[in-house]
Chemist: 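This is the structure I want to talk about, given as C-alpha cells.
All values below were derived from every heavy atom in this structure, side-chain atoms included, with hydrogens, water molecules and symmetry-related copies excluded.
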Amino acid sequence: MLTRHLLKQASTCRHFLLNSKTSSPFLTKSILFSSSSSSPESQSPANTFVDDKVKDQYPTGTSISIDRSALYNLPEHSHEPTSDSELVKHLKGIIKFRGGPISVAEYMEEVLTNPKFGFYISRDVFGAEGDFITSPEVSQMFGEMVGVWAMCLWEQMGRPKQVNLVELGPGRGTLMADLLRSASKFKSFTESLHVHMVECSPTLQKLQHHNLKCFDEDDNSDGVEKRTVSMLAGTPVSWHALLEQVPSGMPSIIIAHEFYDALPVHQFQRASRGWCEKMVDVSEDSMFRFVLSPQPTPATLYLMRRCKWAAPEEIEKLGQIEVCPKAMDLTRTIADRISCDGGGALIIDYGLNGVVSDSLQAIRKHKFINILDNPGSADLSAYVDFASIRHSAEEVSDISVHGPMTQSQFLGALGINFRVEALLQNCTDEQADSLRTGYWRLVGEGEAPFWEGPDEQVPIGMGTRYLAMAIVNKKQGVPVPFQ
C-alpha cells in the first residue's frame, strides 16, 4: 500500500535522495538489510543474514560431562515484567515450539491477522491519522470510477437480476460507500446487488457497517434471517471472513483494491547451494533475525512454478525472489467462480508485471521501518506480481485476463477528468484545492507541480505505480476500459 506515506514522506524522500548515491525504488529496504557481502553465507553474526550451516559439535567418541556448578551458583534472575508485546511472545513461542525458524510468510500473516494481536484486527489503520492512506481515502472519485467499471461490466453481463458485489479487504468501507452513493440513481443496477464484504477484522466490520449507513431490518418471521441493508442504495450487505463463504450460483463482481499486497509472501535468496528460503528466527540475545533454510521448504514448489512462468534470463539476474502462494490460490478461486457463475474481478494494487524481488516493507505512521522491529505495530506489504496473477487465472477454462494498465490510464479512460471538472463547478476554494490534490494523487506521477504549501505535505502522484487488471468470463467480451 504505497500511498500510505503520501502526506509525510515527500520532503524526507527529496532530502534523502539528494544525499544518497543510489536511486533504487527499494532503497529503504536495501539499507535495512545491507551488508558488506552479497553472499548470506559470508556475513557475520551481527548482520541481518546469518550463516545457516551448522557444524557437528559432537563427533563419535566424544565423552560427555555434566556441569553442576549452576546448582550452587544460581544466576541472577529479574522478576521485572518483560517488555515484549503479546504478539512478540506469541511469535517466539511458535519458533520455540517448532524447534526452529518460521517462514517470512508465516511471520507476516501472524503480524497482520493474528486473531488476538494482529495489526489489522483491533484498530483503524487507515487515513492521515493511521499508518497509511489508500486511494478511496484520497478522493471520492476513486470509488465513483470503480462504480462506473462495475456498472459497465453488469451491462456486458446482460443486466442480470441478481449479482454478488464482493469487496476483498474493504478497509473503512469508503470505496464501497462512494460506489453505492454514486450508483444509487441507477435503480436497475443497485436493485440487482447483494453486497458482500470479505473482512476478518471485527473492528473494521463495525466501521464498514457505520460508513455504509447500514441498519438491521426487523423481521419476526420464524426461520428468516434478518437482513442488513445499506441506506446509501437500499442494497443488502453481508460480511464474511473468507471469499469461499460468499454464496455461489449467481454472477459476481469482485473488487480487490490494495488487498493482494497484504497477502503473505515467501522470500527466497540465491546461495551457493541454490535457492534457499529466508526464515525468521530468534537470536541468542532474544531478538528476531533472518536465517536461510538448510533444505528445501514446501513453498519451494511455488517458487518452481513461478520460475517456469518467467524467462530464464529474468531469473538469472535476480538474487532474491518473492512468491505469494496465497495470491496464486486466491486468483484460482476467483477464476473458478467467474468461470462457473459469470462476472468479473478488478484488481488494483501497486506492483510489477513480472517477477518481484525484495519488496517486503513495513510502514508505521507513514514511515518505513525495519520489518522485524516491534512486530504488530506496523503494516507489512509487498509488491504484487501481476504476471503471476495472470498465469494463475489463465489456468482456468473460459477465463480471459486483461491488463495490467496503470491506474492513471484506467481512471482516465473511465472519465475521471470529466468528473473532476464537473465537481469543480460547484465547490468552495478549499474544496477545489482538495479536489485537485486528490486528483493528482490518483492519476499524477511524482510531486504535484502546482503545490504551494509546506514541502512535507506535497501531494505525490501514484498514477503510474498502481496497476489495474481485470479477470472476466470469456463469454462477456473485453471489459471496459481494456478494449
Chemist: Does any donor atom in the side chain of Thr228 or His209 lie under 3.5 Å from an acceptor atom in the other side chain?
Modeler: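 Checked: Thr228/His209 side chains show no N/O donor-acceptor pair below 3.5 Å.
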
Chemist: Looking at Ser377, is its backbone amide N or carbonyl O close enough to the side chain of Asn374 to form a donor-acceptor pair, meaning the two atoms are under 3.5 Å apart?
Modeler: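 Not at all, since once roles are kept as given, no pair shorter than 3.5 Å links the two residues.
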
Chemist: If you measure from the Lys or Arg side-chain nitrogens to the Asp or Glu carboxylate oxygens, is any gap between Arg436 and Asp433 under 4.0 Å?
Modeler: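 Looking at Arg436 and Asp433, the cut-off is met.
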
Chemist: Does a donor on one side chain and an acceptor on the other come within less than 3.5 Å for Tyr302 and Asp329?
Modeler: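 Yes - a donor-acceptor pair under 3.5 Å links their side chains.
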
Chemist: Counting N and O atoms only, with roles assigned by atom type, does the side chain of Arg270 sit under 3.5 Å from a partner on the main chain of Leu318, one being a donor and the other an acceptor?
Modeler: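 Side chain of Arg270 to backbone of Leu318, a donor-acceptor pair under 3.5 Å: yes, one is there.
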
Chemist: Within the distance-only criterion (no hydrogens, no angle test), does the side chain of Gln407 pair as donor or acceptor with the backbone N or O of Leu442 below 3.5 angstrom?
Modeler: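 Between the backbone of Leu442 and the side chain of Gln407 there is a qualifying donor-acceptor contact (under 3.5 Å).
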
Chemist: May I have the step-by-step check of side chain to side chain donor-acceptor pair (under 3.5 Å) for Glu144 and Gln140, ending in yes or no?
Modeler: CA-CA 6 Å; Glu144 291 171 350; Gln140 69 182 62; 2.8 Å; yes

Chemist: Would you give the length of the straight line joining atom CD1 of Ile347 to atom CD1 of Ile334, rounded to the nearest 0.5 angstrom?
Modeler: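 Going from the CD1 atom of Ile347 to the CD1 atom of Ile334 covers 5.5 Å.
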
Chemist: Do Lys226 and Glu217 meet the salt-bridge criterion of a basic N to acidic O distance under 4.0 Å?
Modeler: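 Judged by the 4.0 Å cut-off on N to carboxylate O distance, Glu217 and Lys226 do not form a salt bridge.
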
Chemist: Using the ring of each side chain (for Trp, its six-membered ring), is Phe142 parallel, tilted or perpendicular to His257, with breaks at 30° and 60°?
Modeler: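 It falls in the tilted class, 30° to 60°.
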
Chemist: Hey, are the side chains of Leu330 and Tyr260 touching, using non-hydrogen atoms and a 4.5 Å cut-off?
Modeler: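 Side chain of Leu330 against side chain of Tyr260, heavy atoms only: contact under 4.5 Å found.
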
Chemist: Has Asp429 got more than 12 heavy atoms of other residues, nucleotides or ligands less than 6.0 Å from its CG?
Modeler: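 Counting neighbours around CG of Asp429, 12 or fewer heavy atoms of other residues, nucleotides or ligands fall under 6.0 Å, so no.
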
Chemist: Does a side-chain heavy-atom distance below 4.5 Å link Val195 with Ser230?
Modeler: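 Val195 does not reach Ser230 side chain to side chain.
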
Chemist: Assess whether side chain to side chain donor-acceptor pair (under 3.5 Å) is satisfied between Ser359 and Glu322, documenting all intermediate values.
Modeler: CA-CA 8 Å; Ser359 75; Glu322 288 176 352; 2.7 Å; yes

Chemist: Within the distance-only criterion (no hydrogens, no angle test), does the side chain of Gln156 pair as donor or acceptor with the backbone N or O of Gly477 below 3.5 angstrom?
Modeler: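 It does not hold such a pair.
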
Chemist: Answer yes if the side chains of Ser381 and Tyr350 hold a donor-acceptor pair under 3.5 Å, and no otherwise.
Modeler: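 Side-chain D/A pair, Ser381 to Tyr350: present.
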
Chemist: For Glu394, is there an ion pair with Arg390 - N to carboxylate O distance below 4.0 angstrom?
Modeler: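 Here Arg390 pairs with Glu394 in a salt bridge, since their nearest N and O are under 4.0 Å apart.
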
Chemist: Checking the side chain of Glu155 only, and the main-chain atoms of Met151 only, is there a donor and an acceptor separated by less than 3.5 Å?
Modeler: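 No.
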
Chemist: Given side chains that start at C-beta, do those of Ile321 and Val356 come closer than 4.5 Å, heavy atoms only?
Modeler: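 A side-chain contact is absent here, since even the closest heavy-atom pair is not under 4.5 Å.
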
Chemist: Decide if the gap between the ring center of Trp239 and the ring center of His196 is smaller than 6.0 angstrom.
Modeler: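 No; His196 has its ring centre 6.0 Å or more from that of Trp239.
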
Chemist: When rounded to the nearest 0.5 angstrom, what is the spacing between CG in Leu232 and NZ in Lys213?
Modeler: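 Reported value, rounded in 0.5 Å steps: 6.5 Å.
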
Chemist: Within a 6.0 Å radius of atom CD on Gln162, are there more than 12 heavy atoms belonging to other residues, nucleotides or ligands?
Modeler: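 No.
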
Chemist: NE2/His391 to CG/Asp385 distance, rounded to the nearest 0.5 angstrom?
Modeler: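 The distance works out to 8.5 Å.
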
Chemist: Should Thr235 and Leu212 be marked as a side-chain contact (heavy atoms from CB on, under 4.5 Å) after you check the CA-CA gap, both sets of side-chain angles, and the distance that decides it?
Modeler: CA-CA 10 Å; Thr235 53; Leu212 292 181; over 6 Å; no

Chemist: Is it true that a side-chain atom of Gln205 and a backbone atom of Glu199 form a donor plus acceptor pair closer than 3.5 Å?
Modeler: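 Side chain of Gln205 to backbone of Glu199, a donor-acceptor pair under 3.5 Å: yes, one is there.
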
Chemist: Measuring only between side-chain heavy atoms, which start at C-beta, is Pro325 closer than 4.5 Å to His266?
Modeler: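 Yes, side chains in contact.
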
Chemist: Determine yes or no for a side-chain-to-main-chain donor-acceptor pair under 3.5 angstrom, with Ser192 supplying the side chain and Lys161 the backbone.
Modeler: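 Side chain of Ser192 to backbone of Lys161, a donor-acceptor pair under 3.5 Å: no, none is there.
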
Chemist: For a 4.5 angstrom cut-off between non-hydrogen side-chain atoms, does Pro481 reach Met405?
Modeler: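 When only atoms from C-beta onward are counted, Met405 and Pro481 do touch, with a gap below 4.5 Å.
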
Chemist: Is it the case that the side chains of Glu277 and Gln267 hold a donor-acceptor pair, with the cut-off being a distance below 3.5 Å and no angle test?
Modeler: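 No, no side-chain donor-acceptor pair sits under 3.5 Å.
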
Chemist: Go through Met328 and Ile389 one step at a time and tell me if the side-chain contact (heavy atoms from CB on, under 4.5 Å) criterion holds.
Modeler: CA-CA 6 Å; Met328 296 180 188; Ile389 293 176; over 6 Å; no

Chemist: For the CZ atom on Phe186, are there more than 12 heavy atoms of other groups (residues, nucleotides or ligands in this structure) within a distance under 6.0 Å?
Modeler: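 For Phe186, atom CZ is not crowded (no more than 12 foreign heavy atoms under 6.0 Å).
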
Chemist: To the nearest 0.5 Å, tell me how far Ser238 OG sits from Gln245 CD.
Modeler: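 Rounded to the nearest 0.5 Å, the OG-CD separation comes to 11.0 Å.
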
Chemist: Tell me if a side-chain donor or acceptor on Asp349 pairs with a main-chain N or O of Phe259 at a distance below 3.5 Å.
Modeler: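 Side chain of Asp349 to backbone of Phe259: a pair is present.
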
Chemist: Treating Thr331 as the side-chain partner and Ala327 as the backbone partner, does any N or O pair qualify as donor plus acceptor under 3.5 Å?
Modeler: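 The answer is yes, because a donor-acceptor pair under 3.5 Å joins these two groups.
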
Chemist: Would you say CD of Gln483 has more than 12 non-hydrogen atoms from neighbouring residues, nucleotides or ligands within 6.0 angstrom?
Modeler: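 Yes, the 6.0 Å shell around CD holds more than 12 heavy atoms from other groups.
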
Chemist: With no hydrogens and no angle check, is any side-chain donor or acceptor of Ser408 less than 3.5 Å from a backbone partner on Val443?
Modeler: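 Yes.
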
Chemist: Will you find, in the side chains of Ser400 and His402, an N or O donor that is under 3.5 Å from an N or O acceptor?
Modeler: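 The criterion, which ignores hydrogens and geometry beyond distance, is satisfied for His402 and Ser400.
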
Chemist: Show your working on ring-ring contact (aromatic ring centres under 6.0 Å, His included) between Trp154 and Phe189 and close with a plain yes or no.
Modeler: CA-CA 8 Å; Trp154 176 73; Phe189 173 63; 5.4 Å; yes

Chemist: Under the rule for salt bridge (charged side-chain N to carboxylate O under 4.0 Å, His left out), what residues qualify as partners of Glu191, not counting sequence neighbours?
Modeler: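 Scan of Glu191 (salt bridge (charged side-chain N to carboxylate O under 4.0 Å, His left out), adjacent residues dropped) gives none.
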
Chemist: How would you list, by chain and number, every residue that makes a salt bridge (charged side-chain N to carboxylate O under 4.0 Å, His left out) with Glu109, sequence neighbours excluded?
Modeler: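 Partners of Glu109 by the salt bridge (charged side-chain N to carboxylate O under 4.0 Å, His left out) criterion, ordered by chain and then number, come out as Lys326.
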
